[in-house]
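Not measured: the values here are computed from a predicted model.
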Amino acid sequence: MATFSSISKAVRFIRRNSNSVLTHLRCMSNVPENTVYGGPKPQNPSHRVTLTHLRQKHKKNEPITMVTAYDYPSAVHLDTAGIDICLVGDSASMVVHGYDTTLPITLDEMLVHCRAVARGAKRPLLVGDLPFGTYESSAQQAVDTAVRVLKEGGMDAIKLEGGAPSRITAAKAIVEAGIAVMGHVGLTPQAISVLGGFRPQGRNVDSAVKVVETAMALQEAGCFSVVLECVPAPVAAATTSALQIPTIGIGGGPFCSGQVLVYHDLLGMMQHPHHAKVTPKFCKQYAHVGDIINKALLEYKEEVTNGSFPSSAHSPYKIGATEIDAFVHQLQKSGLGDAASAAADAAQKIEVTKSQDVERQ
Ligand code: KIV
């Protein structure tokens, strides 16, 4: 039985080390020690981006960076690059799930993406999109969905699209529930049914004024930022000027407080014909990762086919000669003669390759 003094010793130890214990637990899935596979270095969760940081950046006129991520690797890349905001966008529906629009993705699917991203990105502010069909019916439904995105998805904030009066009421209710909300105006892809497709907005007076007014209403509802998608640059500039909160542009030109792009679009993962189809015009490709992926896969296929992979350099797990002899003997004794010969032949081939390598050096 634990004595009083051993318990109080343990309590003192936990108190003294509580920060490092908690940090270790949180980052445990990232720690590669004693495992076969390597992994990224655990990030430092004490440097998280918060709304306060974003407000400070905005005040100093420093552009805010935002990129989408949908899984652990993309999240780690964003984190390592020092991106401010990581958006788990419902664009996952198109670039990850292969649908033609953002409408089909479900809340449960989004939550799987959110959790994976939360495990990988420790520093950026994490924003999760409310998917189509999970927040339009009532403010109560919107709050319930937003709560799940934070509780089950591990996000810091949510994003919702549009600015109809019911949407403003929903944004206000979510903020009142204690959840930070990012708005999204201009082209709102969840509304392609009424917009008549993926069409730029704000290209005539009424539509341009509507962009500004909707963004102002979202600000009034308590949103901490608004995405401006596919609007002419002067309309984005007017909106940015009219607001006290930062605007994040995507296809909105340079006069926004920050910019966002979809991960797959900016990396040029477009070799798949479907991706090529959905790459928007405003996107700059900063890499051609798709070409690199294709090349690597073709090379791998070729090397497996011609037997040059895995070479001895990629067959790291050794077994000693005595162990091999005993293993072969054991297999023979068990009536597995073919398996015994296979093991003995393999051991001999490895020895031959080894001596050839030594000769070559
Ligand atoms: O879902 C998404 O990726 C988005 C960005 C385009 C802003 O909403």
Side-chain angles (χ1 to χ4, degrees), residues 23-44 69-82 95-98 112-113 115-117 119-122 263-276 285-361:
T23 304
H24 185 67
L25 285 178
R26 255 193 103 176
C27 299
M28 215 146 65
S29 63
N30 299 343
V31 177
E33 280 95 358
N34 304 321
T35 64
V36 172
Y37 301 102
K41 278 218 301 270
Q43 292 81 37
N44 187 345
Y70 313 101
D71 54 16
Y72 178 77
S74 52
V76 170
H77 280 301
L78 260 61
D79 191 318
T80 311
V95 297
V96 178
H97 294 264
V112 172
H113 292 295
R115 285 193 289 270
V117 166
R119 285 190 286 269
K122 301 296 171 195
Y263 187 79
H264 293 61
D265 295 346
L266 91 86
L267 289 180
M269 276 194 206
M270 305 302 163
Q271 303 317 300
H272 189 291
H274 177 74
H275 282 155
Q285 292 186 352
Y286 287 85
H288 298 282
V289 171
D291 286 340
I292 297 168
I293 293 174
N294 270 356
K295 191 170 163 290
L297 289 173
L298 287 173
E299 216 173 302
Y300 166 73
K301 185 181 91 174
E302 177 60 23
E303 290 197 359
V304 170
T305 307
N306 69 25
S308 60
F309 177 84
S311 67
S312 60
H314 295 101
S315 309
Y317 309 111
K318 311 289 180 221
I319 179 167
T322 327
E323 287 297 312
I324 270 288
D325 287 347
F327 177 47
V328 167
H329 181 70
Q330 187 66 44
L331 290 171
Q332 276 161 347
K333 241 176 64 185
S334 312
L336 295 169
D338 287 350
S341 309
D345 287 352
Q348 203 187 346
K349 276 187 194 145
I350 289 164
E351 278 313 308
V352 171
T353 316
K354 237 198 242 165
S355 48
Q356 283 170 345
D357 286 350
V358 171
E359 271 166 32
R360 248 182 253 125
Q361 281 163 11

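Every residue meeting the side-chain hydrogen bond (donor to acceptor under 3.5 Å, both in side chains) condition with Glu351, not counting sequence neighbours, appears here in chain and number order: Lys354.
Crowding of Gln348 atom CD: a count of heavy atoms from other residues, nucleotides or ligands under 6.0 Å not exceeding 12. Around the NZ atom of Lys333, the shell of radius 6.0 Å holds no more than 12 heavy atoms that belong to other residues, nucleotides or ligands. Surrounding NE2 of His329 are at most 12 heavy atoms belonging to other residues, nucleotides or ligands under 6.0 Å away. For CG of Asn306, the number of neighbouring non-hydrogen atoms (other residues, nucleotides, ligands) closer than 6.0 Å is greater than 12.
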* Asked: Stepwise, does the side chain to side chain contact (heavy atoms under 4.5 Å, CB included) test hold for Glu299 with Phe309?
  -> CA-CA 10 Å; Glu299 216 173 302; Phe309 177 84; over 6 Å; no
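Atom CG of residue Leu336 and atom OG of residue Ser341 lie 10.5 Å apart, to the nearest 0.5 angstrom. In this structure, OH in Tyr72 is found 10.5 Å from NE2 in His77, a value given to the nearest 0.5 Å. Going from atom NE2 of His113 over to atom NE2 of His97 covers 3.0 Å, rounded to the nearest 0.5 Å. Atom CG of Leu298 sits about 12.0 Å away from atom CD1 of Ile293, to the nearest 0.5 Å.
Between Val95 and Asp265, the shortest heavy-atom distance links the atoms CG1-OD1, 4.4 Å. Ala340 and Val328 get closest at one heavy-atom pair: CB-O, 3.7 Å. Scanning all heavy atoms of the two residues, the minimum distance from Lys318 to Ser315 falls at NZ-O, 3.1 Å. When all heavy atoms are compared, the tightest approach of Met269 to Tyr263 is CE-CE2, 3.9 Å. The nearest pair of heavy atoms linking Ala343 to Leu331 is CB-CD1, 4.4 Å.
Put simply, the side chain of His264 reaches to within 4.5 Å of the side chain of Val96, judged on heavy atoms. Residues Gln356 and Val352 are in side-chain contact: their nearest non-hydrogen atoms beyond the backbone lie under 4.5 Å apart.
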